[in-house]
Amino acid sequence: MMRKYNIVVLFLFSLVLFSCQGNNKNEDKSENDSIPVVAEEVVSQSKMEGVYVDNAYAKRGEGYDWVSVEVKPLDKFHMRVSVRSRADKKKPTCSYDANALIVDENTLKANENGKIVLFELQDNSLVISTENQEDDGILYFFCSGGASLAGTYSKLDAELDESQVDSRSYVKSLSLFDDIFILQVQDGQLSVEVPSLEIDQGPYTQNLKGEVIDAEIGDLNMDGEPDIFIYSKDEQGFGHLIAYSVNNGKSMSMVAVPELKDNAGAYAGYKGNDEFAVVENSLVRRFPIDGENKTKQIQYKLKDGEASRQLVVDKVVEY
């Protein structure tokens, strides 16, 4: 049992806890596989932070469609890459959010269904491509009308034109089994639509606490129906979780999430900086223990409750 637990701990250390938007299945969640971890100081030295735009942005006053890319720090190993496009005249052409791994001060990598997407700084411009040329088809998934994320974007010195840009703060699609989940966040409200459900496709809405960090999908109770987990973090650095579970392919219900403070053993030493991840048939939450050079890891299982499914603490360990 101890050997199994050590494997989980080591896996979590290397797990990219902020996966990319895309048609990701549960087994594709570990985007740190085969990608090197870099030193903590790289974030402060990174030159990539900023907003980048395509050539059409300069002609926006003439009605041209355009695409922007924002790159900003997320944690000591990752930067958030957000692609948005013009939305004042029609539906946005491209939408994408990824938590990209910092390789060096000029390079980020994100994993989309096992395909590596590169973000490279070249002469004050951001170049988006795939590590393997034959994988570039993945970059069309996030755009409509035959457009692609691939290309060169120039760094913008002025403020982005907020009157035209897509105002959604987070966009992501996930799939498992035959179900597709479309997530978006606007004005602090989460919306989830599941077009494949027979009766109630949504949108299922919920007010958020803080900013969405990531979302994952799995089948924790192994009933053949997806469960979806949305992770957010507030301004104080405290983590929050919203979860839904599919009911026989017909609708979705919220999963009851226990308050961390209601479990004394789990809550002791908590000061925020949570990380969440779906690992096999468990949800794992971990955070640094305040005042100690140790990490606490809490493992949850999904159980049927009297009124709804609920996450139940299964194990609490420190390492």
Side-chain angles (χ1 to χ4, degrees), residues 18-23 31 42-43 45-74 78-113 115-173 182-186 211:
F18 310 103
S19 59
C20 314
Q21 180 202 357
N23 193 16
E31 69 181 40
V42 169
V43 171
Q45 297 173 355
S46 176
K47 300 178 293 185
M48 299 187 71
E49 182 177 1
V51 177
Y52 304 80
V53 294
D54 63 8
N55 291 335
Y57 182 78
K59 300 180 180 180
R60 65 191 183 282
E62 302 172 35
Y64 279 67
D65 194 10
W66 53 268
V67 178
S68 67
V69 185
E70 182 180 14
V71 181
K72 62 181 180 180
L74 187 63
H78 305 87
M79 299 191 80
R80 169 66 61 81
V81 178
S82 297
V83 178
R84 296 292 183 269
S85 53
R86 185 168 190 165
D88 60 327
K89 293 184 176 295
K90 64 180 186 65
K91 290 184 178 181
T93 301
C94 297
S95 303
Y96 176 74
D97 283 289
N99 301 323
L101 185 77
I102 301 171
V103 178
D104 56 47
E105 64 178 8
N106 296 311
T107 310
L108 307 174
K109 286 187 177 183
N111 186 301
E112 295 295 340
N113 289 341
K115 298 175 174 61
I116 303 301
V117 179
L118 293 176
F119 306 90
E120 297 175 290
L121 188 63
Q122 299 179 8
D123 298 326
N124 211 34
S125 293
L126 185 71
V127 179
I128 301 179
S129 62
T130 51
E131 190 170 59
N132 297 316
Q133 188 175 356
E134 59 268 24
D135 294 335
D136 64 356
I138 192 69
L139 299 177
Y140 288 86
F141 178 77
F142 309 101
C143 301
S144 60
S148 169
L149 296 181
T152 300
Y153 302 80
S154 301
K155 194 163 190 178
L156 186 65
D157 294 326
E159 294 291 326
L160 189 68
D161 191 341
E162 299 291 343
S163 68
Q164 295 184 357
V165 71
D166 181 3
S167 61
R168 293 175 297 173
S169 60
Y170 189 78
V171 183
K172 188 167 187 174
S173 297
I182 303 169
L183 290 72
Q184 54 185 352
V185 176
Q186 191 161 24
E211 176 187 10

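We use all heavy atoms of the structure for the numbers below, so side chains are in, but hydrogens, waters and symmetry mates are not.
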Show me the donor-acceptor pairs, under 3.5 Å and distance only, between side chains in residues 126-143 and residues at least two apart or in other chains.
residue: Thr130; atom: OG1; partner: Asn132; partner atom: O; Å: 2.8
residue: Thr130; atom: OG1; partner: Asp136; partner atom: N; Å: 3.4
residue: Glu131; atom: OE2; partner: Lys109; partner atom: NZ; Å: 2.7

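- Taking each heavy atom of Pro92 and Arg168 in turn, the nearest pair found is CG-NH2, 3.9 Å.
- Without hydrogens or angle criteria, Arg86 side chain to Tyr64 main chain gives a donor-acceptor distance under 3.5 Å.
- Taking CG of Asn124 as the reference point, atom OH of Tyr52 lies at 6.5 Å (rounded to 0.5 Å).
- A distance of 15.5 Å separates CD in Gln186 from OH in Tyr170, rounded to the nearest 0.5 Å.
- Scored by the side chain to side chain donor-acceptor pair (under 3.5 Å) test, Glu120 finds no partners at all (sequence neighbours excluded).
- Shown here for Arg80 and Leu74, the closest heavy-atom pair between the two residues is N-CB, 4.0 Å.
- In Asn55, the CG atom is not crowded: 12 or fewer heavy atoms of neighbouring residues, nucleotides or ligands sit closer than 6.0 Å.
- Residues satisfying the side chain to side chain donor-acceptor pair (under 3.5 Å) criterion with Ser169, sequence neighbours excluded, are absent altogether.
- Remark: Met48 CE to Asp104 CG distance equals 8.5 Å, nearest 0.5 Å.
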Which pairs of donor and acceptor atoms, one on a side chain in residues 65-73, lie under 3.5 Å apart (sequence neighbours left out)?
residue: Asp65; atom: OD2; partner: Lys90; partner atom: NZ; Å: 3.1
residue: Asp65; atom: OD2; partner: Thr93; partner atom: OG1; Å: 2.3
residue: Trp66; atom: NE1; partner: Gln164; partner atom: OE1; Å: 2.7
residue: Ser68; atom: OG; partner: Arg84; partner atom: O; Å: 3.2

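- The shortest side-chain heavy-atom distance between Ile102 and Leu108 falls under the 4.5 Å cut-off.
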- request: Please step through side-chain contact (heavy atoms from CB on, under 4.5 Å) for the pair Val117 and Asn111, ending with a clear verdict.
  value: CA-CA 6 Å; Val117 179; Asn111 186 301; over 6 Å; no
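- Annotation: side chain to side chain donor-acceptor pair (under 3.5 Å) contacts of Arg60 (sequence neighbours excluded): Asp161.
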Can I get a per-line list of side-chain donor-acceptor pairs under 3.5 Å for residues 148-156, giving both atom names and the distance, sequence neighbours left out?
residue: Ser148; atom: OG; partner: Ala150; partner atom: N; Å: 3.0
residue: Tyr153; atom: OH; partner: Leu149; partner atom: O; Å: 2.7
residue: Lys155; atom: NZ; partner: Glu49; partner atom: O; Å: 3.1

